[in-house]
Amino acid sequence: MNLRLRPILIALLFVLLAAGLSAQSFTASIRGTVGDPSGGAIAAAKVTATDAGRGTTHSTVSDEAGRYVVSALQPSTYIITVEAPGFKKFISGRITLVVQQQATVDAQLQVGDIATSVEVEGAAALVNTTQSNLGQVIENKYIISLPNIARNAMSLTYLTPGVVGSGGRNPGADASTNFVANGSRNSTSDVLLDGVTVVTVEQNSGITDLKFSPSIDAVQEFKMQTNFFSAEYGQTGGAVVNMVTKSGTNDFHGTGYYFLRHADLNANSWFSNRNRSPRPYFRRDQLGGVLGGPVIKNKTFFFGTYEYTRSKSPFSQTYSFPTLLQRDGDFSKTFNGSGQLMTIYNPFDTFTNAGGNIERRPFAGNLVPKGMMDPVALKALAYFPTPNQPGSPFTETNNWFKEGVNQSSSHQLNAKGDHNFTSNDRLSGRYSYQKNQGTPVNLFGEQLAPAYTYNDGPNSGSSHAMVADYTRLQSATSIFTFRYGFTYSTYARNPMQSFDLTQLGFPKYMLDQATFKVFPTIAPEGYTDIGTEGWLIMDRQEGVHHVSGSYTKILGGHNIKAGGETRFNFLDYAQPDILPGNILSAGASPARTASPAPATKATARQAC
């Protein structure tokens with residue numbers, strides 16, 4: 001049997017056998033009782049929930065105790081009507097259902113002609129009396145209206161009580177699962193989009209990695225559930241973010257937008273002011289549009305979004321490089337943090353002291369003769385930038401500062417369709433696509449570009465996220481659902497420039513055997529290393545198939561829900577460690593108390 005088909009077949013088997021696990025769902029439900037003015041139950045009353053925006057209907061009947069349940073409702077605004085012979089028709093006010101809400105609406109019918117209706121203008125607060133889970137729904141009006149500089153819905157997860165950011169997270173972490181929910185471990189939460197996961201599991205760990213996050217203009221709402229999960233949520237070690245995208249209605253709605261962030265509206269940073277550097281250039285343009293409406297009124301609907309983002313953001317670094325005197329072998333002004341001269345010793349000039357131990361004699365005047373310097377080291381030294389600022393007192397570390405502009409762009413597309421074959425059969429589908437590109441700045445400039453230290457690009461990536469959801473109302477008390485989701489993500493990162501190792505004086509066989517033709521890592525201890533770091537090159541493709549199904553049976557005042565789900569994660573990942581090699585030197589920087597080891601013939605050199 002094909003291994004990739006096995007998870008799908010297992011999921012289908014679970015649906016058919018109605019196993020004891022529930023399938024994950026974002027839908028809502030309405031329940032209540034139907035009674036007469038005396039408080040008696042009315043059996044066999046027809047209860048209909050009508051989607052106010054789409055005109056679609058969902059019907060059931062009350063049982064002998066007057067109880068009813070209408071489930072598998074998409075989050076939206078509904079009107080409840082109740083009809084029974086000998087009673088006036090009951091019409092509720094507009095009732096807004098959010099993700100996973102189980103609302104209670106009781107109907108009291110008045111005696112009279114069924115052609116006469118009693119409309120309830122105001123609706124009481126819909127108190128949830130059927131679920132004990134802990135969480136919070138972030139509605140669309142908050143998603144659109146609240147300040148959100150990144151315009152990412154995941155940033156609003158922190159509005160939930162008990163949710164805080166993890167220590168040391170980077171500025172972009174607010175758009176991922178790197179948060180702590182009521183004490184759970186960070187980066188272990190699950191994110192469901194229209195009922196299927198959009199996270200994968202980081203290799204060799206339990207960390208969840210968010211692969212797609214829709215534009216806030218595509219998000220209707222989401223629920224941040226932090227505790228007391230039902231059995232259907234078994235794939236998380238933290239919280240569950242249950243997010244729903246918008247759908248079309250019977251009316252056409254469209255929006256166009258453009259957001260601009262620009263350096264002219266910002267203040268200069270403290271570090272740039274200190275170094276008398278001008279305000280770095282920054283600009284972020286984001287534009288897009290939203291359109292939704294009917295294909296066939298009361299039956300088929302569409303909704304789509306497009307968003308383009310282009311960003312030019314400032315980037316700066318402060319490094320420690322050899323001073324002009326040190327580059328020439330002159331360590332006569334190399335001091336430690338206390339202002340004491342650091343003595344440089346000659347590894348080839350030794351003597352035996354009175355205790356019988358071998359010691360080295362210092363270089364005269366703390367000067368290293370150029371004749372003792374390794375030719376490869378001298379050529380490599382030319383790729384170290386020269387200091388451009390005074391640096392720290394005594395040690396002269398942090399003596400180089402540079403800033404530039406990183407560039408990035410992204411495109412995102414969301415397309416969703418909903419079709420009602422009948423009032424008992426509903427099919428919904430969505431396809432989302434995002435493409436990202438990044439071009440980091442090379443702060444070393446064109447001449448020293450191959451040796452740039454903070455080399456993390458150029459890079460590119462893409463994400464595909466899709467879902468198909470089928471709901472079948474078999475009878476007034478039986479509901480089937482089946483859902484399939486697929487998320488696929490790619491990411492690639494390469495060095496900025498290639499490099500020929502023989503230019504540093506290395507033999508040609510090393511160039512021939514090098515897997516990647518890039519500048520080697522040169523790391524004199526205590527100084528900022530140069531060259532291409534390990535793990536830089538990355539080629540990653542990963543994704544997850546998510547299949548789930550469930551069967552719900554209403555028996556009087558009880559709901560029995562059975563189902564199952566399966567997820568099949570896959571990963572194709574290449575990220576080599578050491579690329580062409582490492583060149584290491586022993587010793588310490590002037591900021592430490594040990595003697596530094598200059599680039600001499602005695603310097604250790606290792607090529608891997």
Side-chain angles (χ1 to χ4, degrees), residues 22-31 47-60 69-81 92 94-103 105 126 128 131 137-141 143 153 192-196 214 218-223 225 232 241-251 253 290 292-305 414-432 466-474 479-485 548-550 552 561:
S22 298
Q24 294 170 347
S25 177
F26 60 89
T27 55
S29 65
I30 299 176
R31 64 187 63 226
V47 182
T48 303
T50 303
D51 190 319
R54 302 180 184 90
T56 55
T57 60
H58 310 267
S59 300
T60 187
V69 177
V70 183
S71 59
L73 298 175
Q74 292 178 304
S76 186
T77 300
Y78 290 87
I79 297 174
I80 307 300
T81 59
S92 73
R94 288 175 173 256
I95 298 171
T96 300
L97 297 182
V98 297
V99 177
Q100 291 185 309
Q101 183 174 4
Q102 295 188 15
V105 179
L126 303 179
N128 181 11
Q131 285 183 317
V137 174
I138 309 299
E139 300 178 35
N140 180 258
K141 62 181 179 180
I143 295 175
L192 303 174
L193 185 61
D194 294 328
V196 297
V219 178
Q220 179 173 329
E221 61 194 37
F222 69 88
K223 182 177 182 179
Q225 189 172 333
E232 57 188 316
V241 181
N242 212 327
M243 191 176 295
V244 182
T245 58
K246 295 178 181 178
S247 296
T249 66
N250 275 333
D251 297 319
H253 294 280
V290 175
V295 177
I296 303 174
K297 284 197 172 185
N298 300 330
K299 192 177 186 69
T300 307
F301 312 92
F302 76 94
F303 186 85
T305 70
N414 295 280
K416 186 176 182 180
D418 298 273
H419 178 67
N420 295 270
F421 296 98
T422 66
S423 60
N424 296 333
D425 295 271
R426 181 180 72 236
L427 179 66
S428 178
R430 174 187 49 79
Y431 171 73
S432 302
M466 61 189 73
V467 59
D469 183 300
Y470 173 70
T471 300
R472 165 69 181 174
L473 182 63
Q474 187 66 24
I479 300 175
F480 286 96
T481 63
F482 179 78
R483 188 176 299 127
Y484 168 74
S548 64
S550 68
T552 301
K561 186 177 182 181

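Separating the CD atom in Gln220 from the CD1 atom in Ile138 is a distance of 14.0 Å, to the nearest 0.5 Å. To the nearest 0.5 angstrom, Arg31 atom CZ is 11.5 Å from Thr60 atom OG1. Asn420 contributes atom CG, which lies 7.0 Å from atom OG1 of Thr300 (distance to the nearest 0.5 angstrom). Rounding to the nearest 0.5 angstrom, the gap separating the CG atom in Asp194 from the CZ atom in Arg483 is 8.5 Å. The line from CZ of Phe222 to CG of Asn140 is 11.0 Å long, rounded to the nearest 0.5 Å. Note: Phe303 CZ to Lys416 NZ = 9.0 Å, rounded to the nearest 0.5 Å.
Here the closest non-hydrogen pair linking Asp418 and Ser247 is OD2-OG, 3.1 Å. Summarising the geometry of His253 relative to Thr249, their closest heavy-atom pair is CD2-OG1, 3.8 Å, with the distance given to 0.1 Å. The heavy-atom pair separating Val219 from Ile143 by the smallest distance is CG1-CD1, 3.6 Å. Shown here for Ser29 and Ser71, the closest heavy-atom pair between the two residues is CB-CA, 3.7 Å. Among all heavy-atom pairs drawn from Glu221 and Val98, the shortest one is OE2-CA, 2.8 Å. Among all heavy-atom pairs drawn from Phe301 and Arg54, the shortest one is CZ-O, 3.2 Å.
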**OP:** Evaluate the side chain to side chain contact (heavy atoms under 4.5 Å, CB included) criterion for residues Phe480 and Gln474: first the C-alpha distance (whole Å), next the side-chain angles of each, then the deciding distance (0.1 Å), finally the verdict.
**Re:** CA-CA 7 Å; Phe480 286 96; Gln474 187 66 24; 4.2 Å; yes
**OP:** Could you walk me through whether Leu473 and His58 pass side chain to side chain contact (heavy atoms under 4.5 Å, CB included), step by step?
**Re:** CA-CA 9 Å; Leu473 182 63; His58 310 267; 5.7 Å; no
**OP:** Could you go through the side chain to side chain contact (heavy atoms under 4.5 Å, CB included) check for Asn242 and Gln100 one step at a time?
**Re:** CA-CA 9 Å; Asn242 212 327; Gln100 291 185 309; 3.6 Å; yes
Original post:
Would Thr77 and Asp51 count as a side chain to side chain contact (heavy atoms under 4.5 Å, CB included) if you check the C-alpha gap in whole Å, the side-chain angles of each, and the deciding distance to 0.1 Å?
Top reply: CA-CA 6 Å; Thr77 300; Asp51 190 319; 5.8 Å; no
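For the residue pair Arg430/Ser432, the side-chain donor-acceptor check at 3.5 Å is satisfied. No donor-acceptor contact under 3.5 angstrom links the side chains of Lys561 and Thr552, judged on distance only. With 3.5 Å as the limit, one finds a donor-acceptor pair spanning the side chains of Thr481 and Ser550.
Residue Tyr78 forms a side-chain contact (heavy atoms from CB on, under 4.5 Å) with just one option from Leu97, Thr57, Val105, Thr48, and that option is Leu97.
Put simply, the side chain of Lys223 never gets that close to the backbone of Met243: no donor and acceptor are under 3.5 Å apart. With Arg426 contributing its side chain and Ala72 its backbone, the two residues share a donor-acceptor pair below 3.5 Å. Using a distance-only test at 3.5 Å, with no hydrogens or angles considered, no donor-acceptor pair links the side chain of Asn250 to the main chain of Lys297.
Within the 4.5 Å cutoff, the side chain of Thr305 has heavy atoms near those of the Asn414 side chain. Two residues are said to be in side-chain contact when any heavy atoms from C-beta on lie closer than 4.5 Å; Ile80 and Ile30 meet this criterion. Residues Thr50 and Thr56 form no side-chain contact, since every pair of their non-hydrogen atoms from C-beta on lies 4.5 Å or further apart. At least one side-chain heavy atom of Phe26 sits under 4.5 Å from a side-chain heavy atom of Asp469.
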